[in-house]
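These notes concern the structure reproduced below.
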Amino acid sequence: MSATPAKTQRGIQSVEVAGRLLQALAAARQPMPLVELAGAAELSSAQAHTYLVSLLRLGLIKRTPGEGHYEAGPLALRLGMSRLTQAPAYRHAMPQVQQLSAETGYSVAVSLPTPEGPTIVHYAHAGNPLHVNLHVGTVMALGETATGRAYCAFQPQALWQPLWEVQHQGAGRARWKAFLEELDAIRKRGIERAIDAPSPGVSSLCMPLLDAAGQVLLLVTVIGPTGSIDAGWRGSAARQLRQTIEAMAATLKENP
């Protein structure tokens, strides 16, 4: 007896069409004008505009100031964050992150690798006044932050090079070569730091949590005032950060 073929469940065609617009935005990784977005979704501009009005009302997309291009909206970002924070590495890391912040007295950011770059999904604020605007949802710059450079150092180049080129338009071959050399040094140390950068008076150290294949699961960044945080490669902050990453790895191994 032959098996009965599975029935194709009925869906809502208009929802699927709207999904094509969202998929086009996700693939572009940057704001898109109406004509370009409609073309990517294989729709006419008039047809796309109708769907975009509803997506705007839902908060799944938003328009950029000035140009009015379309990009992911607050609801889409919240949905993405919800999915990212279900990762086992993230759940197991939270107790160690809170402990690290309490023991050092510094703020600690947890970032996950996303197509847009390393994105903060948890920020343990220690109470020290920091003149830096960091919060859940912040995407860290690739070349200008310790988190961004650590992200690049332990990720396949194909995943981040297009984004780096967008963020460093006009950078010459010398800047690119120097950046690759920086990444080699980070991989050898296993840790990266930023002193008074990208914000004056604020310094940080970052280390990744890697899986068995050497891929980034998440990144942990300790952040504090330059005058008080020990940013030495073998200083107290680096030592405690390294111990935290090792504890996370051990916990994840025991509870995959």
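Not measured: the values here are computed from a predicted model.
- The one candidate from His168, Gln161, Gln169 that meets the side chain to side chain donor-acceptor pair (under 3.5 Å) condition with Glu165 is Gln161.
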- Item | Step-by-step side-chain contact (heavy atoms from CB on, under 4.5 Å) determination, Glu42 to Arg20 | CA-CA 8 Å; Glu42 300 181 349; Arg20 280 157 47 189; 3.9 Å; yes
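- For the pairing with Leu205, the side chain to side chain contact (heavy atoms under 4.5 Å, CB included) check across Ile229, Thr221, Ile223 returns one residue only, Ile229.
- Taking the six-membered ring where tryptophan is involved, the planes of Tyr90 and His122 are perpendicular, since the angle between them exceeds 60° and thus also 30°.
- For the pair Leu56 and Arg63, the tightest heavy-atom approach, listed with the atom from each and the gap, is CD2-CG, 3.8 Å.
- Under the 3.5 Å distance criterion, the side-chain polar atoms of Tyr106 are matched with a main-chain donor or acceptor of Ser228.
- Ring-centre distance between Trp164 and Phe179: below the 6.0 Å cut-off.
- Considering every non-hydrogen atom in both Ala124 and Ser101, the closest pair reads O-OG, 3.8 Å.
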- Message: Checking Thr119 against Thr114 for the side chain to side chain donor-acceptor pair (under 3.5 Å) test, could you report, in this order, the C-alpha distance in whole Å, the side-chain angles of both residues, the deciding distance, and whether it holds?
- Response: CA-CA 7 Å; Thr119 303; Thr114 75; 3.1 Å; yes
- Which is it for Thr145 and Glu192 under the side-chain contact (heavy atoms from CB on, under 4.5 Å) test, yes or no, and what are the steps along the way? CA-CA 9 Å; Thr145 67; Glu192 177 58 337; over 6 Å; no
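- Residues meeting the salt bridge (Lys or Arg N to Asp or Glu O under 4.0 Å) test with Arg187, sequence neighbours left out: Asp184.
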- Gln96 and Thr251: side chain to side chain donor-acceptor pair (under 3.5 Å), yes or no, with the steps? CA-CA 10 Å; Gln96 285 97 336; Thr251 300; 3.0 Å; yes
